[in-house]
Peer 1: 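Let me begin by handing over the structure; questions about it come next.
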Amino acid sequence: MDGPQSAGYVEEYLRTLGDALPVSDRGRRPILTEVADGLHCAVEAHAQRGLDAVDAERAAVAEFGDPRQLAADFSRQLTVACARRTGLALVLSGPFVGMAWVLASGQGTSVVSNVVSLVAAVPVLALVLVVGVPAAVMASRSSTSAGTAIVAAVSAIVADALLMGWLLARASTATGMLFAAAGLSATRAATATARVRRIARLRAAAH
Amino acid sequence: MRAEALKGHLDGLLLAVLASGPAHGYAVIEAIRSGSGGTFDLPTGTVYPALHRLEVAGLITGSWSDGEGRRRRTYRLTAAGRRALVEHRSVWTQFSGAVSAIMATGT
């Protein structure tokens, strides 16, 4: 990355920035590539103003500011993006998971009667949905906050746990469709749990 | 001038710079420095998360290219970004006019 006369300031800056970014290698790579390009532009600009190679590197990293602060700024931006993606994922997956349980659980004559009997069987579910659905819709908007997305994701996890608990209580009579719905819920709950952890990590790094 | 003083206006400045044509991050911050006569001397790193935020919001779009032995991300304004810039300019004209009017009181 650096030329043969590199003093190592740029590499050290990028290493500190990379270490402070709580994202995967896949998420970290484009950020470091872009900042590296900017740092090299800065080194070239300072060299053109007459600084030698070492001083040009030192001036470039000073110009960029504290790498930990830059990581915090990136984390803040990534927190919002992750919160929004979480909200969108819950808004899109919610109807599928919900419909799978409704169709699999009921013996009623209509979808509405199936919904009524499912909510009657798991009353707390209605309360969780009253909190979780609006939170997911709000989290899917561009001006969302990490807290809203966490509320939405935790609501989904609780709803899935309630439904799977209800299924376990009647496992001996459960149909294959109910186990398929439980599979969907388990997948969503695992994904939502991972998202909550990621948002919490990003939010912690943003401060 | 510190970054805090520009809070709320940085997005408009970035969009205004990119309205002149596509640019990479370092060129954008250099344009802000030179365009402000050195008044807006932000840490260069500040510009990158801000550009990412504008890209996520759909106001600019970024693309990678290879050149000078390294990869570079270049940003350009989208149609939504042009509309947002018009709004930023309108708000700024109103805001700066109101502040100037009050500041001139009693001089």
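Every value quoted in this text rests on a predicted model; they were computed, and no experiment measured them. Letters go in sequence order (proteins before strands), and every chain restarts at 1.
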Peer 1: Extract the chain B to chain A donor-acceptor pairs under 3.5 Å, no hydrogen or angle test applied.
Peer 2:
unit_1, atom_1, unit_2, atom_2, d
B:Tyr26, OH, A:Glu63, OE1, 3.4
B:Tyr26, OH, A:Glu63, OE2, 3.0
B:Glu30, OE2, A:Arg49, NH2, 3.4
B:Arg33, NH1, A:Glu63, OE2, 3.3
B:Thr44, N, A:Glu63, O, 2.8
B:Thr44, OG1, A:Glu63, OE2, 2.7
B:Gly45, N, A:Phe64, O, 3.2
B:His52, NE2, A:Glu34, OE1, 2.7
B:Arg70, NE, A:Asp37, OD1, 2.7
B:Arg70, NH1, A:Glu44, OE2, 3.0
B:Arg70, NH2, A:Glu44, OE1, 3.4
B:Arg70, NH2, A:Glu44, OE2, 3.3
B:Arg72, NE, A:Asp37, OD1, 3.4
B:Arg72, NE, A:Asp37, OD2, 2.9
B:Arg72, NH2, A:Asp37, OD1, 3.2
B:Tyr75, OH, A:Glu34, OE1, 3.2
B:Tyr75, OH, A:Glu34, OE2, 2.5

Peer 1: How long is the straight-line distance from CD1 of B:Ile29 back to CZ of A:Phe64, given to the nearest 0.5 Å?
Peer 2: 9.0 Å
Peer 1: Is it true that atom CE of A:Met138 has more than 12 heavy atoms of other residues, nucleotides or ligands lying nearer than 6.0 Å?
Peer 2: no
Peer 1: Examine whether an atom of A:Pro67 lies under 4.5 Å from a heavy atom of chain B, and if so say whether it belongs to the side chain, the backbone or both; otherwise answer neither.
Peer 2: neither
Peer 1: Quick one: ring-ring contact (aromatic ring centres under 6.0 Å, His included) partners of B:Phe95, sequence neighbours excluded?
Peer 2: B:His9, B:Trp92
Peer 1: Of the backbone (N, CA, C, O) and the side chain (C-beta and beyond), which part of A:Ala60 lies under 4.5 Å from a heavy atom of chain B, both, or neither?
Peer 2: neither
Peer 1: So which atom in B:Pro43 and which in A:Gly65 form the shortest heavy-atom distance, rounded to 0.1 Å?
Peer 2: CB-CA, 4.1 Å
